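Here is the structure we will look at.
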Number of protein chains: 2
Amino acid sequence: MTTDTKPQTEQRTPLNRERVLEAAVAQADQGGLAEVSMRKLAQSLGVEAMSLYNHVDGKEDVLDGMLEIVMGEINEAVDAMASGGLSWKTIMRNRILGAREVLLRHKWAPRVIETRTQVSQSMMGYFEAILETFVAGGFSYDLAHHAMHALGSRALGFSQELFEPEDGEEETEMDAATIQQMAAIYPQMAAMLDNVAHEGPDTTIGWCDDQTEFEFGLDLILDGLDRRLASP
Amino acid sequence: MTTDTKPQTEQRTPLNRERVLEAAVAQADQGGLAEVSMRKLAQSLGVEAMSLYNHVDGKEDVLDGMLEIVMGEINEAVDAMASGGLSWKTIMRNRILGAREVLLRHKWAPRVIETRTQVSQSMMGYFEAILETFVAGGFSYDLAHHAMHALGSRALGFSQELFEPEDGEEETEMDAATIQQMAAIYPQMAAMLDNVAHEGPDTTIGWCDDQTEFEFGLDLILDGLDRRLASP
DNA sequence: ACCTGAACACCGTTCAAGT
DNA sequence: ACCTGAACACCGTTCAAGT
C-alpha cells in the first residue's frame with residue numbers, strides 16, 4: 001500500500017454527519033421510512049451499523065437531521081415568496097402551498113414531524129416567518145396565535161387525511177357489488193361517493209383531488225381569519 | 001382436581017378477543033402505546049405472547065380492535081346529540097366536541113388512527129352520521145365532501161399540534177435567559193409568547209389552552225362552511 | 001479518529017409440541 | 001381448543017477490541 005492507486009475497497013469520502021443524513025433522506029424518499037433503520041442505512045453507505053454512531057447520536061438524531069434537511073428546502077423555497085406589495089393572505093397562501101410542494105417530495109416527513117418532541121431551529125425559523133407575515137398584515141399577537149393553532153399542520157403544507165391509504169399501498173378499488181353493499185349500511189356515504197365519483201374518471205375510494213381539497217380547507221381558514229381581522 | 005375449589009392458578013375466564021382488546025386499551029391509557037407490545041400485553045394478562053394469536057390476528061389486528069372500542073365510545077357519546085330543532089352547525093359542534101372528550105381519555109388514539117390503512121366499520125359509521133348532519137343542514141354532496149376534507153382529523157376531535165410535547169414528556173419551562181436568547185433569533189415569536197404568556201399564570205412553551213384553540217379553529221371552519229352554504 | 005464483532009435487550013411472528 | 005418453548009428475522013444500542 002505504498003502506491004497512489006486506489007485500494008480495493010474504495011472509501012475516499014470518509015463518512016460524516018451530512019452524508020449519513022442525506023443517505024437517510026434518499027432512502028426514505030425511495031423506499032419509505034421503514035427503509036431507514038440504522039442497519040439498512042449503514043448498509044446503503046457500505047458500512048456497519050455501529051459506525052454510524054461516530055457521526056450521529058442515534059436514531060432520533062437521524063430523524064431530527066432528516067427534518068432539518070426538509071425544513072431547509074422549505075425555507076429556501078418559501079423565503080423568496082415574501083415579496084412586497086402582496087396582501088398577507090396571498091403571501092401566506094403562497095408560502096404554505098410552497099411548503100406543501102416540498103413535503104410532497106418527502107412523503108415520510110409529516111409522520112416524522114408528528115413524532116418530534118423538540119421544536120427544531122429550522123422549524124422555529126419557519127414559524128417565525130409565518131408570524132412575521134401575520135403581524136405585517138395587521139394581526140394582533142393574540143389573533144396571530146389563534147391563527148397558528150387554527151392552521152396547525154396546514155401551516156407546513158399537510159393535513160391529516162383519514163381515508164388516505166398508506167404511501168406504498170394501492171387504493172381500494174370498489175366494484176359495483178361492494179358499492180351496493182355499502183349503500184345499504186352507509187347510504188349518505190354511498191350517495192356522496194356516487195355524486196363525486198361521477199365528476200372524476202374512475203370509481204375508487206381515492207377519488208379526491210388532494211390539492212383541491214387542501215386549498216379549499218386552507219382558504220376556508222384564511223378567509224375566516226380575514227373576517228376576524230376586519231371585525232374583531 | 002375433582003373439587004369445586006379454585007386451582008392454584010386462577011384462570012376461570014379463559015381469555016378471548018374482547019378481553020385482549022380491553023387489556024390493550026387499559027394498558028395504552030395508563031402507560032402509553034409503547035406499553036402495548038404483544039409480549040407486554042400477554043404479561044398483563046398472565047399469559048405468554050404466543051397465546052394471544054389464538055384470539056387475535058396479530059399486532060395490527062390489536063390496534064384495529066383498540067380503535068373499534070374507542071370509536072364505539074365515541075358513537076355512543078355522540079349519537080345522543082343529534083336532537084332535533086338544532087341547527088346543523090350546533091349539532092356538528094356538539095358532536096365533534098363530544099368525540100374530542102372521548103379522545104382525551106385515550107390520548108394514544110390519534111396516533112393509531114393515523115397509521116390505519118383501512119377505514120373501519122365504526123369509523124365509517126361516525127362519518128356517515130357527520131355526513132347525515134351536513135345533508136340535513138342543506139349541504140350539497142359536493143359541499144359536504146369538501147367540508148369533510150376541510151375538517152380532516154378535526155371531525156374526530158383532534159388536530160395536529162406541532163409544538164406539543166409528547167404525552168409523557170414534561171413541558172419545556174423557559175427561564176428569563178432562554179427567552180432573551182430566543183428573542184434575539186425569533187423576535188416575533190418571543191413577542192407573541194410574551195404577549196400570550198401574560199394572560200396565563202406561568203411562562204411555559206405549553207402556554208396554550210388546547211380546548212380554546214381547538215374550538216377557535218373548529219368555529220373558523222364551521223363559520224366558513226356556513227357562508228359557502230349561504231352563497232355558493 | 002474511525003470502524004468492527006459480539007453481545008444485550010427488545011420487537012412481531014411461525015411452528016411444532018404439549019395438555 | 002387453547003397454551004407454550006424454542007426459534008427466526010428483525011430492531012436500537014453498548015462496549016471492548018481492532019487499525
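A, B, ... follow the sequence lines: proteins, then strands. Residue 1 opens every chain. Please read all numbers here as calculations on a predicted model, not as lab measurements.
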Nucleotide nearest B:Glu48 (side chain, heavy atoms from C-beta), chosen from C:dC3, D:dT4, D:dC11: D:dT4
For atom CG of A:Leu33 and atom P of D:dC11, their distance in whole Å: 13 Å
Atom-pair distance (CG on A:Asp61; P on D:dG12), nearest Å: 14 Å
Sugar-phosphate only, base, or nothing, as touched by B:Ser51 at under 4.0 Å among non-hydrogen atoms: base
Between P of D:dG5 and CG of B:Leu52, the distance in whole Å: 14 Å
Nucleotide of D:dT4, C:dC3, D:dC11 approaching B:Val47 most closely (side-chain heavy atoms): D:dT4
Any donor-acceptor pair under 3.5 Å from B:Tyr141 side chain to A:Asp194 backbone: no
N or O in side chain of A:His55 less than 4.0 angstrom from C:dA1 OP1/OP2: no
Separation of atom CD in A:Glu35 from atom C1' in D:dC10, rounded to whole Å: 13 Å
B:Glu128 side chain to A:Gln188 backbone, donor-acceptor under 3.5 Å: yes
Distance-minimising heavy-atom pair for A:Met38 and A:Leu52: O-CD1, 3.3 Å
Under 4.0 Å protein heavy-atom contacts per nucleotide of nucleotides 14-19 of chain C, with B for base, S for backbone only and - for none: B-----
Complementary nucleotide for D:dC2 - Watson-Crick or wobble, under 3.5 Å: C:dG18
Nucleotide nearest A:Ser37 (side chain, heavy atoms from C-beta), chosen from C:dT13, D:dG12, C:dC3: D:dG12
G-U wobble or Watson-Crick pairing nucleotide for D:dG12 (cut-off 3.5 Å, both distances): C:dC8
Closest heavy-atom pair and its distance - B:Ala77, B:Val102: CB-CG2, 4.2 Å
Whole-Å gap separating P (C:dG5) and CE (A:Met38): 17 Å
Length of the CZ-C1' vector between A:Arg39 and C:dC10, whole Å: 11 Å
Minimum heavy-atom distance between A:Ser159 and A:Ser153, given as atom pair plus value: CA-OG, 3.9 Å
Which residue lies more 5' along DNA chain D, comparing A:Lys40 with B:Ala49 via nearest heavy atoms: B:Ala49
Do any side-chain atoms of residues 55-73 of chain B form donor-acceptor pairs under 3.5 angstrom with protein atoms, and if so which ones, sequence neighbours left out?
unit_1: B:His55; atom_1: NE2; unit_2: B:Leu15; atom_2: O; d: 3.2
unit_1: B:Lys59; atom_1: NZ; unit_2: B:Val36; atom_2: O; d: 3.2
unit_1: B:Glu60; atom_1: OE1; unit_2: B:Arg116; atom_2: NH1; d: 3.2
unit_1: B:Glu60; atom_1: OE1; unit_2: B:Arg116; atom_2: NH2; d: 3.3
unit_1: B:Asp61; atom_1: OD1; unit_2: B:Arg17; atom_2: NH2; d: 2.6
unit_1: B:Asp61; atom_1: OD2; unit_2: B:Arg17; atom_2: NH2; d: 2.8
unit_1: B:Asp61; atom_1: OD2; unit_2: B:Asp57; atom_2: N; d: 2.9
unit_1: B:Asp64; atom_1: OD1; unit_2: B:Arg116; atom_2: NH1; d: 2.9
unit_1: B:Glu68; atom_1: OE1; unit_2: B:Ser122; atom_2: OG; d: 3.2
unit_1: B:Glu68; atom_1: OE2; unit_2: B:Ser120; atom_2: OG; d: 3.0
unit_1: B:Glu68; atom_1: OE2; unit_2: B:Ser122; atom_2: OG; d: 2.9
unit_1: B:Glu73; atom_1: OE1; unit_2: B:Arg105; atom_2: NH2; d: 2.8
unit_1: B:Glu73; atom_1: OE1; unit_2: B:His106; atom_2: NE2; d: 2.9
unit_1: B:Glu73; atom_1: OE2; unit_2: B:His106; atom_2: NE2; d: 3.4

Donor-acceptor contact present, side-chain A:Tyr126 to main-chain A:Ala155, <3.5 Å: yes
Rounded distance (Å) that lies between atom C1' of D:dC11 and atom CG of A:Leu41: 14 Å
Nearest-Å distance for atom pair CG/P, residues B:Asn54 and D:dG5: 14 Å
